[in-house]
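The structure under discussion appears below in the form of structure tokens.
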2 protein chains.
Amino acid sequence: MALVNEHFLKLPGSYLFSDIAKKVNTFKVTHPGTNLIRLGIGDVTRPLAPACIEAMHRAVDEMSHAETFHGYGPEQGYDFLIEAILKNDFTPRGIALSPSEIFINDGAKSDTGYIGEILRWDNSMGVTDPIYPVYIDSNVMCGRAGDLGPDGKWSDVTYLPCTAENNFIPQLPDRRVDLIYLCYPNNPTGTTLTKSELKKWVYYALANDTVILFDAAYEAYIREDNVPHSIYEIKGAKRCAIEFRSFSKTAGFTGVRCGYTVVPKELTAATLDSDERVPLNRLWNRRQCTKFNGTSYITQRGAEAIYTPEGKAQVKATIDYYMENARIMREGLSAAGFKVYGGVNAPYIWMKTPDGIDSWRFFDQLLYEVNVVGTPGVEFGPSGEGYLRLTAFGQRKDCEAAMARIEKWA
Amino acid sequence: MALVNEHFLKLPGSYLFSDIAKKVNTFKVTHPGTNLIRLGIGDVTRPLAPACIEAMHRAVDEMSHAETFHGYGPEQGYDFLIEAILKNDFTPRGIALSPSEIFINDGAKSDTGYIGEILRWDNSMGVTDPIYPVYIDSNVMCGRAGDLGPDGKWSDVTYLPCTAENNFIPQLPDRRVDLIYLCYPNNPTGTTLTKSELKKWVYYALANDTVILFDAAYEAYIREDNVPHSIYEIKGAKRCAIEFRSFSKTAGFTGVRCGYTVVPKELTAATLDSDERVPLNRLWNRRQCTKFNGTSYITQRGAEAIYTPEGKAQVKATIDYYMENARIMREGLSAAGFKVYGGVNAPYIWMKTPDGIDSWRFFDQLLYEVNVVGTPGVEFGPSGEGYLRLTAFGQRKDCEAAMARIEKWA
């Protein structure tokens, strides 16, 4: 008889944002006509840059003529997009990568979820806590995370707490781990690591033969000079790190679906049976060729346009808009007496709940008393208890209205 | 130290079509100026239907205004596309499915590769042979296929040969297996099963608690009445089968990336530790919500347009074009004295190599002597030895020229 993968059965019933959606729907049904402001899920609201729109129209037109039609593209992505990425995201920062180290995908969620496939299921893993749930959930699914304990922690995961107490700077693990997920600028806390802080992680990884899975999806929001945009700004990182990038937040591609993964050729991992070191680039390439058929040509042309002079200016204007939201929210919440973190180099505001109440209770208070939807911090991990995440991706007027309501209420 | 997934190391170095591309490139470098006709990889050449083009232009425009912008969509796909699928692909055939049984994806390759994740890695599996390489390769990657033997067979895979000797109708396995991959109309042989033949598989699966993974990517090419378009035309199939559909070949979406997977709610599998049966729909939904972020909105609007009256007529005209290619190739090759199969309800022609020579030798002969690129049958599995696949997805003039060359040469 066919057996299910029993690791799936260990997972809580639904994905984080489905639970919130249900709560919000219940509220809407019981409170018809209420003007709800959603600052919960990290989804963008501004339209795509005109440069991307024009590029996608052109690409759609190309698909309408046999002479310019595009069928299967390279599983790794088109050269035109890879070249634009190298030239704009890495060369100016002094990072030399080859085209075959870049893999275009349909968004960073996919590859952060899939990357574990090329590594043994029983590698040990560490995550900063709180964290984007996909890192842990995808590891639960293959058995790597172990079992869920009553404290909300998975038995085989090393948690590295990031709270106000340590200024959201995780300590190096007190044991060695094989894989470490880092996300900077951080989702959900909106905090960052300086270059010297990130260096410690690269040195740890090199010393311990650890692979760092570095999620830089929010890189475009960095404003301060001492915050690295790529882990490869640190010498040696190409021997220990895979980096994930996304156009979702950079350029409003949450509904268009495109990002990329960097797997340097210098990065190798060990085998059980021999002394051979295996390049992860080769394994990831094999994985992509077998299970992925490339990202839409139209989408890739849209992404390429982000790197044109017009595209860059338009995308920057949108990011500035969201970061102005972040400033308004930071200042508004501070003025209302809340402790807030993040929002300087990231589109997320991480609020401490007042009087030590728990995340879900504060979520409910905001929902029912001021009709503002956030995301309970505890849903991002045990160290998120006592916090709530708000996002700066809303419309300006909604941010302002939410702050006015909260200031009046607090 | 981080360890690689050792199962990846068992795989031959590259994906099938990369090997062919290398051979073809070598030929091109050594024979510049030769007019090569490519009937190898199963990629379409006709432009997208105007209805799809118009729909995608409209969707791109929607993305350019905040009021009509679409961010994250449902991981399962938009209702508008799911409703169109149910209404057109299933209801007219008497198949009742609910919207939550349909999962829109970025193409059938992805989901046929991923589906094994929700099932235990040590389930036993069977495949018809020859077959689309993704089924086996994706199972090798998780350890389910075992080790590759000198005969080209994986130790833990039950092969069900389909050759001219059995008229390409696979026998039921002589042992029970937990999972069976079936692809009809078949890639690569272009052959089909009648409804009564397919019934035997459903009955086998129900009797043995087997899950059938049914790939119907070529369904739109069926011309004969007694060939089922969906496995759910067979009573009981909802309790034992997952079906994969694709818009790649139906509507030229190989470069646009969209398909869907049907996971009926009645379909359950067993657990090791309890008597509980678990619905695979729930597990697949959890998998999709964790590792996938939905298909591009623009793409889904394009796919929806396939189901409009104009879209249907336009798509049908393209399929007719390819099937006329298939007829020309079947007749041309037969006239030249070759034994050919398929091409009646599928866009693939499966040629027996002359005088029992092997697949690669015949591939080389066609490449070097008539400058036509096919795909060596043995690359689809051991029972493909002695065959070669040609596809009907080329331009008409190329099909005609290829036949003229082969008729002259044979």
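Numbered from 1 within each chain, the chains take letters A, B, ... in sequence-line order. Only this structure's heavy atoms are used, side chains among them; waters, hydrogens and symmetry mates stay out.
In this structure, Asp106(B) CG and Asp106(A) CG are separated by 5.0 Å, a value rounded to the nearest 0.5 Å. We find the CZ-OG distance between Arg287(A) and Ser138(B) to be 10.0 Å, quoted to the nearest 0.5 Å. The CG atom of Leu11(B) sits 11.5 Å away from the SG atom of Cys289(A) when rounded to the nearest 0.5 Å. With rounding to the nearest 0.5 angstrom, the OG atom of Ser296(A) is 9.5 Å from the CZ atom of Phe253(B).
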### Message
What verdict does the salt bridge (Lys or Arg N to Asp or Glu O under 4.0 Å) test give for Glu117(B) and Lys291(A), after you've listed the backbone C-alpha separation in whole Å, the side-chain angles of each residue and the deciding distance to 0.1 Å?
### Response
CA-CA 12 Å; Glu117(B) 289 178 28; Lys291(A) 298 193 186 180; 5.0 Å; no

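Heavy atoms of Asn123(A) lying under 4.5 Å from chain B belong exclusively to its side chain. Residue Asp273(B) does not touch chain A at all, counting heavy-atom pairs closer than 4.5 Å. The parts of Asn293(B) that come within reach of chain A are both its backbone and its side chain, each placing non-hydrogen atoms under 4.5 angstrom from that chain. Using a 4.5 Å cut-off between heavy atoms, His57(B) touches chain A through backbone and side chain atoms alike. Using a 4.5 Å cut-off between heavy atoms, Thr45(B) contacts chain A through its backbone alone, with no side-chain atom that close. Looking at Arg257(B), only its side chain comes within 4.5 Å of chain A, counting heavy atoms on both sides. Neither the backbone nor the side chain of Thr268(B) has a heavy atom closer than 4.5 Å to any heavy atom of chain A. At a 4.5 Å heavy-atom cutoff, the contact between Asn208(A) and chain B is made by backbone atoms alone.
Ranked by heavy-atom pairs under 4.5 Å with chain B, the list Asp122(A), Leu283(A), Thr295(A) is led by Leu283(A). Of the residues considered (Tyr297(A), Phe69(A), Phe8(A), Tyr72(A)), Tyr72(A) shows the highest number of contacts with chain B, using heavy-atom pairs under 4.5 Å. Ranked by heavy-atom pairs shorter than 4.5 Å toward chain B, the options Arg176(A), His70(A), Met56(A) are led by Arg176(A). Highest contact tally toward chain A, considering only Ser110(B), Gly107(B), Ala108(B), is held by Ser110(B) [criterion: heavy-atom pairs under 4.5 Å]. Per-residue heavy-atom pair counts under 4.5 Å with chain A were compared for Thr112(B), Val278(B), Val211(B), Ile298(B), and the maximum is reached by Val278(B). Of the listed residues (Leu9(A), Asp43(A), Asp209(A), Val256(A)), the greatest number of heavy-atom pairs within a distance under 4.5 Å of chain B belongs to Asp43(A). Taking chain A as the reference chain and counting heavy-atom pairs below 4.5 Å, the highest number among Leu119(B), Leu272(B), Leu3(B) is found for Leu3(B). Between chain A and the residues Leu280(B), Asp178(B), Thr254(B), the most heavy-atom pairs under 4.5 angstrom are made by Thr254(B). Per-residue heavy-atom pair counts under 4.5 Å with chain A were compared for Asp61(B), Ile118(B), Val177(B), and the maximum is reached by Ile118(B). Interface summary for chain B: among Gly113(A), Ala269(A), Ala270(A), the most heavy-atom pairs under 4.5 angstrom belong to Ala270(A).
In terms of modelled atom types and a separation under 3.5 Å, the side chain of Arg286(B) and the main chain of Pro12(A) share a donor-acceptor contact.
The two residues Glu6(B) and Arg120(A) come nearest to each other via the heavy atoms OE2-NH1, 2.8 Å.
Under the 4.5 Å side-chain criterion, counting only non-hydrogen atoms from C-beta, Ser64(B) is not in contact with Glu54(A). With contacts defined as side-chain heavy-atom distances shorter than 4.5 Å, the pair Ile53(B)/Met63(A) qualifies.
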